[in-house]
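Each remark here refers to the structure printed beneath this line.
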Amino acid sequence: MEASDTLDRQSESELYFPPESIQQNANAQEYDKLHAFSVQDPEAYWGERAEEFSWYKKWDKVLDDSNKPFFKWFVGGKVNIVHNALDRHLTTYHRNKIALIWEGEPGDTRTFSYFALHREVSKFSNVLRSMGVKKGDIVTIYLPRIPEQVIAMLACAKIGAIHSVVYGGFSVEALAERIQDAQSKVLITADGGWLRGKIVELKMIADEAIARQGTIEHVIVVKRTGQEIYMEAGRDYWFEDLINLPVANGLNAPTEVMDAEDPLFILYTSGTTGRPKGILHTHGGYMVYTATTLKNVFDIKDEDRWWCAADPGWITGHSYIVYAPLLVGATSFMYEGAPNYPYPNRWWRMIENYGISILYTAPTAIRGLMRFGDSWVKRHDLSSLRLLGSVGEPINPEAWKWYHTVVGGERCPIMDTWWQTETGGFMISPLPITPLKPGSATKPFFGIDADVVDEEGNPVKAGEEGYLVIKKPWPGMLRTIYGDPDRYKEQYWSKYGNMYQAGDSARKDEDGYIWVIGRIDDVIKVSGYRLGTAEVESALVSHNAVSEAAAIGLPHELKGNAIHAYVILKAGQERTEGLEEELRNHVGHEMGPIAKPDQITIVDSLPKTRSGKIMRRLLKARAMGLPEGDISTLEQ
Ligand code: WTA
């Protein structure tokens, strides 16, 4: 802890200036004045941005804040995000530009022009319509990182259906719970996906999840691996069969006209307590916000090849693989598999092969690849790279410097973007003209009024730790938690009344640079993935040997945090040999491999408050050998 803290503080005075050539050509040429204007008059700033899109009908009002915190943006406007992401490119030179280059883990490749992607999306939207999917229905998507994932999401949005994407690394219970909450009737999955040379058994997991809940009527299965799988007659259909059925008017599938505030998707994420919550985003505001942030922060130019190495199953992929790049007419690259398969040069080889100019990834991936040494990177010509990006957790200065020096050849500034599933897009981030400090996400984006405050909501002094808040609404913000508006209010707006509470702690330095420290709630970031202690605990308790469980995150060199769990066994349950391993595997089966605790400790009791709440903070302090802090509420 202490060593990294010293490093952090050291880098506060270290400044890296983006090369002149990058600054001069940057899409954003000015920060201070424009930021000041944009937070003073957000309606003017966002209204201007919204003009850059094609609307079926223009909005009557940019922001409606009459029912706080249920803000509405571009009220009265008619639009569809897919109309802007695909349809409108067909009448420009983008029609034949490459929208998506994809490489599978086994090495197979596919490429889609804007025309071709539009064609596939149109075909699949016909399929969905013919299955009875209508505007407002929620379709669950559970796919590997293959082009059909993008196609399925866009096809839903095109017909006004709401997609709920479940990350392909999640497992049975995580999937069942999300389908149940959304009451989806249609599930889109695959016969498997490739990861580290092995098949991820998505269909088998899906079958088990469907058996646990009762809403799914149709399953559409993409053939990815070609392995034999179980197909239930009358319920399961092959994607390839459906998409090739002729439909009258086939390629001219109409794009549904939506209200700007109509839901585009829900994406489940972990919160402070209990079940994952469905974060809801809309067509209009999310469209304007994601495109504006991508264009300014990553400086997208027509000739760029953009690679966001996330998974579309998380918000980073939703915003910056699927929607924003298409909205700005970019060429994206997408890769199916593991970064070090079959060798640790896989990513670098692809950057060289495809001439990637911007790479956006997570600190955990950088640390993971750094561990294999510089020589794997140096085998390849990475001179096509111009900008780098980081997201998901604070980047430690050591990883930052390696990324900057070895990967970026000291010429590529690193855009360290702080944001959340809830925010829709980048909130605090450098621009390619911003002097950088390794480990700081620097300053708020245009229109974003961010601050660090104390318990009472007053700004803390420079250098002091406090709570990260956003003081004004922005177009990309979540609108609610699906089916639970009270929880939305309580979770994000209750503490200070009129400020969005992010759930992170942070500090601001003398130069106004923001340093995000980490979560202050029961969310654990494992390898950049967002998990809740509650989900891991309920997976443990669902095992018949366990009566109670507590999960915490402890610092981990590669993953950022690793899950440690403490369990109390049921009365009469033997501590059998290998039980810990069995419990770990059980969590993997229920939640997914990423949620597997690194360590499980069987205990006789757990520290609790007098009201019966597990004191995870205390468990963490004890595990790390830190002072126990205030234990006055501890039941002795
Ligand atoms: C953390 C991911 C430090 C933070 C886009 C936040 C970061 C949570 C950064 C949201 C960053 C994300 N520096 N911390 N650049 N980016 N975080 O919803 O704790 O999966 O609250 O969204 O990730 O995670 P989520």
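Computation of the quantities below employed the complete heavy-atom set of this structure, encompassing side-chain atoms and omitting hydrogens, waters and symmetry-equivalent molecules. When a ligand or atom number is given, it counts from 1 through the structure's own listing order. Not measured: the values here are computed from a predicted model.
Within the 3.5 Å criterion, the main-chain N or O of Trp474 finds a donor-acceptor partner in the side chain of Trp73.
Contact residues for ligand 1 (protein heavy atom closer than 4.0 angstrom to any ligand atom): Ile315, Thr316, Val391, Gly392, Glu393, Pro394, Asp416, Thr417, Trp418, Trp419, Gln420, Thr421, Asp504, Val516, Arg519, Lys525, Arg530.
Taking a cutoff of 4.0 Å between a charged side-chain nitrogen and a carboxylate oxygen, Lys559 and Glu393 do not qualify as a salt bridge.
Ring geometry, Tyr286 versus Phe265: the interplanar angle exceeds 60°, so the pair is classed perpendicular (tilted spans 30 to 60°).
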When the side chains of residues 163-171 are checked against the rest of the protein, which donor-acceptor pairs come out under 3.5 Å, sequence neighbours left out?
| unit_1 | atom_1 | unit_2 | atom_2 | d |
| --- | --- | --- | --- | --- |
| His163 | NE2 | Tyr323 | OH | 2.8 |
| Tyr167 | OH | Tyr529 | OH | 3.0 |
| Ser171 | OG | His589 | O | 2.5 |

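With sequence neighbours excluded, no residue satisfies salt bridge (charged side-chain N to carboxylate O under 4.0 Å, His left out) with Asp454. Residues that satisfy the ring pair (Phe, Tyr, Trp, His ring centres under 6.0 Å) test with Tyr142, not counting sequence neighbours, are absent from this structure.
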